[in-house]
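Worksheet for the structure shown next.
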2 protein chains.
Amino acid sequence: MADAVVAQDGGAPGEDPRDTYVRQVAAYWERGGLTHAAGLILGYLSICEPAAETQARIASALRLSAGSVSTQLRQLTQIGMVERVRLPGERSARYQVPQDMWTEMMATEDQRIAGLRVLADAGAAVMPAERPDRIHSLDLMVRFWEAEWPATRRRLAAFLAKEMP
Amino acid sequence: MADAVVAQDGGAPGEDPRDTYVRQVAAYWERGGLTHAAGLILGYLSICEPAAETQARIASALRLSAGSVSTQLRQLTQIGMVERVRLPGERSARYQVPQDMWTEMMATEDQRIAGLRVLADAGAAVMPAERPDRIHSLDLMVRFWEAEWPATRRRLAAFLAKEMP
DNA sequence: CAGAGTTTTCAGGTATGACTGAAATATGGC
DNA sequence: GCCATATTTCAGTCATACCTGAAAACTCTG
């Protein structure tokens, strides 16, 4: 089996550009709050062949334990960056990056805005006398995005519809 | 001194609504990658009077060590959520939430987009034969935001100019 | 239903990093 | 330039959470 993407045993490490890419993705998402293992899985699932892999194959490719892979895949599935699919006649489930992952990701932006809305309202109840802008500016920002986001998402949908092959 | 915001010693905890707010802000930003201490400082600096406080006052109000406050303030200053100001004739520096913090925050969005651009380009070099959309869709998303963001920022600037008192 | 294979759960080891407290350094007023 | 004070640095402690490995639970094929 010559198509080992990440789990090369010896040899010069990082020689395979795909291996480099996997680590690069992991590094990026690690800054975004994911664990290292989750980032590795995400990177691997972005370039592996076939696109949908079993837990066992992911574990061996990335040299992670079965437990880690199980846990991280559940997290990734929960936040919508990975989806579980079943192929007929196959005992094991497969996991893959959803076709519309980024669209789904963008959809969660609503929740982030809602979270800031809660903060802005809570702030209004403790408005300081001096520099009330400290609280007020957050409210402005939230109001802007509440107004802006629906149209932005429509433009995104239109853009994707036009550019998708 | 009856205006202790967070550092009440005894009594029912969380009675002061400002204390509740500080913890609420801390909880929110903790999910956003900041430390608990940084979140507390951010919440405190959003409602304290006066708006600009010394490290010593922040530390005693939040019951944090001087070291923690020093470290966290540096981090917060670095990412632009806090600014250091000096008052004439005062030995100690003061720290406050900048007037235009959210505008500054939005400006860093460019860098996040640039970070994804790097990832998208690196992905192009390891394009999988099956489901190339896994790499391609990221590129699309980045291209959308690279095109969209300048106009969005202009609209934000116009909105703030109109709404600011 | 049996049973192999898959997935989840969980306790334990480990690493990471936040917080503290004190010492060292830097700073501004005199 | 001196000195009190503010700030930073840093080693040590502690908490958190990741990862592993194995056992338990589950699931699907035959």
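Only a predicted model underlies this, so the values are computations on that prediction, with no experimental measurement involved. Naming convention: chains lettered A, B, ... in sequence-line order (proteins, then strands); numbering from 1 in each chain. Side chains included, hydrogens not; waters and symmetry mates left out as well; all remaining heavy atoms used.
Residues from residues 73-88 of chain A with heavy atoms under 4.0 angstrom of DNA chain D, sorted by number: A:Arg86.
A straight line from CG of A:Leu34 to C1' of D:dA17 spans 15 Å, rounded to a whole angstrom. The distance between atom CZ of A:Arg57 and atom C1' of C:dG5, rounded to the nearest whole Å, is 17 Å. If you take CG of B:Leu62 and P of C:dT20, they are 10 Å apart, rounded to a whole angstrom. The interatomic distance linking B:His36 (NE2) with C:dC19 (P) rounds to 8 Å, in whole Å. A:Ile41 places its CD1 atom 13 Å from the P atom of C:dT7, with the value rounded to the nearest Å. Rounding to whole angstrom units, CD of residue B:Gln55 and P of D:dA6 are separated by 10 Å.
Along DNA chain C, the nucleotide nearest A:Gly67 and the nucleotide nearest B:Gln72 are compared for position; the residue whose nucleotide lies closer to the 5' end is A:Gly67. The nearest heavy atom of DNA chain D to B:Thr54 and to A:Thr71 marks one nucleotide each, and the one closer to the 5' end goes with B:Thr54. Closest-nucleotide positions on DNA chain D for A:Ala37 and A:Gly89 were compared, and the one nearer the 5' end corresponds to A:Ala37.
Taking only side-chain atoms of A:Arg91, from C-beta outward, the nucleotide of D:dT29, C:dT8, D:dT7 with the closest atom is D:dT29. Distances from the side chain of B:Thr35 to the nucleotides C:dT7, D:dT8, C:dA18 place C:dA18 closest.
A heavy-atom distance below 4.5 Å is not found between the side chains of B:Arg86 and B:Glu90.
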